[in-house]
Protein chains: 2
Amino acid sequence: MVTIADVAQRAGVSKATTSRALSGQGYVAQATRTAVQRAAEELGYIASANASGLATGRSQSIAVLIPIINRWFFAEVLQSVESALLAASYDMTVYNVSHNSANRERVFDYFLLRRSFDAVLLVGVDTRRSELDAVRRLGVPLACIGAPLPGIDSYVLDDYRTARSATEHLVTLGHRRISFFGGPAGHTHDTDPESSLVHGERFAGYRDAMIAAGLDEVLSYVPAQLTIASGLAAGRRRLAHPEHPLTAVMAESDEVACGVLLAARELGLDVPRDVSVIGIDGHDHGEAFGLTTMQQNPQQLGAMAVRDVLARIAGEGQPLAPTPVSAEFVVRSSTAAPRREDSVPRQARLTDTGGATRR
Amino acid sequence: MVTIADVAQRAGVSKATTSRALSGQGYVAQATRTAVQRAAEELGYIASANASGLATGRSQSIAVLIPIINRWFFAEVLQSVESALLAASYDMTVYNVSHNSANRERVFDYFLLRRSFDAVLLVGVDTRRSELDAVRRLGVPLACIGAPLPGIDSYVLDDYRTARSATEHLVTLGHRRISFFGGPAGHTHDTDPESSLVHGERFAGYRDAMIAAGLDEVLSYVPAQLTIASGLAAGRRRLAHPEHPLTAVMAESDEVACGVLLAARELGLDVPRDVSVIGIDGHDHGEAFGLTTMQQNPQQLGAMAVRDVLARIAGEGQPLAPTPVSAEFVVRSSTAAPRREDSVPRQARLTDTGGATRR
DNA sequence: CCCCCCTCAGGAACCGGTTCCACAAACGCT
DNA sequence: AGCGTTTGTGGAACCGGTTCCTGAGGGGGG
C-alpha cells in the first residue's frame, strides 16, 4: 500500500506539504502542488480513510438506519441515498433496525459509537425515546426520511393531506360507502409515544374527508398490513360481505390496494364498475395493476435529506424546517363513478334513524 | 469521547495492558483483566474503529457491491447479509454498481481502496474484467451471491436445473406449447464475456427440457425484462395471439410470471385451464397471485456467503467450492393439465412436414 | 541451589494521515 | 533601508489504538 510518505519522497517534499497539497488546505506553491499531485497520480496514491478519519475526526461515511430493506419505499430511499452520498465521496453504512432484529440494541449502543459517522439518516424510524437520545448524543447532523421525528429535519410525504385528497377523489366521483384498508394495527411500538405516525395520519386524512363530506356514518376501517398478501386477505374478507357492500376502497398503501384488486378479480367484481380502489405511494406495480394512486417520490426525499446533512456537515447552518412534500395524483383505471343505484346514499339502510344526520 | 488512556488510568494500568485485557490477546492476570473490564464498563468505553483499524489493518467492515437495491432478490440478500454481519460485529457498506450508475467507476478505483475492507461481497455482479481484477487486487476474501464468477466462491441457485425442473413440471402435466418469457435481451454487458449467466442458464434449462421431451419444434422465446410491467406487456402481446396459442408459460422470474397472470386475467383467460404459468424465485407476491414457482432462498445464500468470508478472514482456510443450491418446488393454483384437446401435440399444424421430426 | 521458562506488565514504536508551530524567504510599504 | 505581512515549507506532535520488546518476578526441573 502506498502511503503519503512515498508520495512525499517522490515529490521531494515533506509529508506535511504533501498533505496540504493534496487536500487544498494551507499555503502551497502552485509548482509544488502540481508536482505532488503528479507524484500521487503516478503512484496511484489513495489516502487511507482510517488514518485520515483518525486525524480529523471526520470519517467520510454516514450511517443509515432503516427498519426494513425489502419494501418498495425503503429500497427506493436507500438507492437514492447511496447515489447522492457517493457523488459527494461519502460511504453509506446500513443498519437494519427492524422492530425485532436481534442486533437492534447494539446498533445504538455500540455500532454507531465505534465508528465516528459524520451524520445519521433515520429512514422510516420507529425509535424509542432512549434510542433517539443515543443518536442525538452523537452530536452529528441528523435527518429523517419517511416519518417525522421531533426536533429533527424530516423529509416526509404529507400523509394527511395525501390521504384526504385521495378520499376526496372518491367522494367527488359519487362514492359514499368508502372503506379504509390499512394499519395501524400491529405497526407501532406499543410502548413508545413517539413512534411513526404515518398510519395514523393517513387514516386521519381519510376520516376527515369522510366527515367533511357528511359521511361519518359510513366511516369504516379494515385492518391490513402493508403488503399485497395482507391486502388480498382483507379484500377477500370484506368485499365478499354481501350485507354491507362497498363501492370504494381507500387503501393505505399501493401494496394493500393491489391486494384488494386481486381479491376483487377473484370474486368476479368488476373494477372500477363494482368497486373503485385508490392507493397511496406510486409503487412500481401500480401501473401493471392499473391502479389510481397518489404518487410520492422516495428518491427525491432521500436526495433532499442527503443534501441537508451534507450541508450541515460543511457547516452551512441550515435551520430551515423542511416542509412535507405532496404527492402527485395519478389516475389510472381503478377508479370511476359507482353504478347508478349505488351512488344514492344508503344511510337509511345502515342506521335506524334514517336520514343523513351528522353527529 | 473516552479513550483507552482513560480506561487505563482508571484501572491503574498501562494502555498496553488495557488493550490486551480488552482484546483477550497476550498475557494478562485474571484480576487485572476484570479490573480493566470494569473500568471500561463504567466509563462506557468503546474502542474507536478508526484507530483500531489503522493499527491492525482490519477494519471490521465489509463492502457489498450490488447492481440494484429495489428488487426482491437483491433486497432479500442485503437484509440477510446485514443481519449476519452485525451478528459478527461487522459493518456493512453498500455500493450500488448498477450498469449505468454515475459512481460505478469510482467504486472500483477509489472507494474500495481508501477504506480497507476485510472482505467484499459481490451480489448479482455484472463485472467487467478490469473491475474484477481491481477487486481481486484488494487481496481480501471475496464471495459472490446470485451469479457465479470465475475463481470466486459463488453462492447461487442452480439456475439450469431449476428452470429445467420447472419446464418438466409443465411437460409432465401434458403441456406441449410452452413458451419461455424472459431475458437475456438487454441484460448482459455486451462487451463482457464474463457477465452474469443467469438468464442464459434459465433459458438453457427450459430449452433442454423441451428438447428432451421431443418438443424442440415448439421451443419459443418471448422477450421480457424481469419486472411485472414487462411481463404484463409481453403477456398481452403473446397471449392475445390467436394463431399460435400457448397452453403454458415458463417465466424466467416470478415477477414476469405475475405480469403474465395479470395479462391472462385481462384477456379473460382462465388460469390454469386456458393457460398455466410457472415462475422461478419464490417472490413474496407469488402467494397472492397463486403462482406455482420454484422457490429459492436468497436469505440463505446471503448468510452462507457471509459465513464463508468471515471464516476466511479468521484464517480458517476454506478451499471448498460451494455447490449451487436447488430451489424448492411450490405448487399453487397457476398450473394444471391443459384442456383435453390442447394436450394433443400439434406439430402437424406448426410445421409443413408433419410428424415430430427431431433436428 | 541455580537456571530457565513462563507469566505479567509497561515503555515505546508504529499505523498513516493532519495540523500546529517555527522559521525562512519574498514582498509591499513608508 | 527597515519593518511588517504574506507565502511557502518542514519538523514534530497528535489522533487512539496495537504490538514489539524489555524486564521483573515466580515456579519448576535438574
Side-chain angles (χ1 to χ4, degrees), chain A residues 1-37 39-40 43-61 89 91 110 113-118 139-140 313, chain B residues 1-37 39-40 43-61 89 91 110 113-118 139-140 313:
Chain A
M1 190 90 300
V2 34
T3 75
I4 201 172
D6 301 327
V7 179
Q9 188 182 0
R10 178 169 190 114
V13 297
S14 69
K15 277 170 56 182
T17 302
T18 307
S19 176
R20 281 190 298 256
L22 294 177
S23 69
Q25 312 283 16
Y27 290 116
V28 179
Q30 187 51 49
T32 322
R33 168 156 302 157
T34 335
V36 170
Q37 283 166 343
L43 294 173
Y45 169 73
I46 288 171
S48 148
N50 265 338
S52 143
L54 179 57
T56 61
R58 280 158 276 136
S59 64
Q60 294 277 100
S61 74
S89 292
D91 286 326
Y110 176 66
L113 292 166
R114 72 169 179 178
R115 217 167 280 282
S116 70
F117 291 106
D118 294 339
V140 299
I313 289 172
Chain B
M1 190 91 301
V2 35
T3 77
I4 201 173
D6 301 327
V7 179
Q9 188 182 359
R10 178 169 189 117
V13 297
S14 70
K15 277 170 56 183
T17 301
T18 308
S19 176
R20 279 191 300 255
L22 294 177
S23 69
Q25 313 283 15
Y27 291 116
V28 180
Q30 189 50 52
T32 322
R33 171 156 302 160
T34 334
V36 170
Q37 282 167 343
L43 294 173
Y45 169 72
I46 288 171
S48 149
N50 264 338
S52 145
L54 180 57
T56 63
R58 280 156 277 137
S59 65
Q60 295 276 99
S61 73
S89 293
D91 286 327
Y110 176 65
L113 292 166
R114 72 168 178 179
R115 218 167 281 279
S116 69
F117 291 106
D118 294 338
V140 298
I313 288 172

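Naming convention: chains lettered A, B, ... in sequence-line order (proteins, then strands); numbering from 1 in each chain. Remember, predicted model here, so these are calculated numbers, not experimental data.
Closest contact between the side chain of B:A55 and the listed nucleotides D:dT18, C:dG16, D:dT9 involves D:dT18. Ranking D:dG11, C:dA12, C:dT18 by closeness to the B:A16 side chain, first place goes to C:dA12.
The CG-P distance, from B:L22 to D:dT19, rounds to 13 Å in whole Å. Taking atom CZ of B:R20 as the reference point, atom P of C:dG10 lies 8 Å away to the nearest angstrom. Note: CG (A:L54) to C1' (D:dG16) measures 5 Å, nearest angstrom. Per the geometry, CG belonging to A:N50 stands 9 Å off C1' belonging to C:dC15, to the nearest Å. Following rounding to the nearest Å, B:D6 (CG) and D:dG17 (C1') show an atom-to-atom distance of 13 Å. Here D:dG17 presents its C1' atom at 13 Å from CD of B:Q60, a figure rounded to the nearest Å.
For the pair B:S14 and C:dG11, the criterion of a side-chain N or O lying under 4.0 Å from OP1 or OP2 is not met. OP1 or OP2 of D:dG17 has not a single side-chain nitrogen or oxygen of B:S48 nearer than 4.0 Å. For A:Y45, no side-chain nitrogen or oxygen approaches OP1 or OP2 of C:dG16 to under 4.0 Å. For D:dT19, the OP1/OP2 oxygens have a side-chain nitrogen or oxygen of B:R58 closer than 4.0 Å. Between A:Y27 and D:dT7 there is a side-chain N or O to OP1 or OP2 distance below 4.0 Å. For the OP1/OP2 pair of C:dT18 and a distance below 4.0 Å, the side-chain nitrogens and oxygens of A:S19 include at least one atom meeting the criterion. Between A:T32 and D:dT9 there is a side-chain N or O to OP1 or OP2 distance below 4.0 Å.
For a distance-only test at 3.5 Å, the side chain of A:K15 qualifies as a donor-acceptor partner of the base of C:dG17.
The only member of B:V7, B:V36, B:T18 that meets side-chain contact (heavy atoms from CB on, under 4.5 Å) when paired with B:Y45 is B:V7.
At a threshold of 4.0 angstrom between heavy atoms, the contacts of A:A47 are confined to the sugar-phosphate backbone, with no base atom among them.
The side-chain heavy atoms of A:R115 and A:S59, taken from C-beta on, include no pair separated by under 4.5 Å.
In terms of position on DNA chain D, the residue among A:T17 and B:S23 whose nearest nucleotide sits closer to the 5' end is A:T17.
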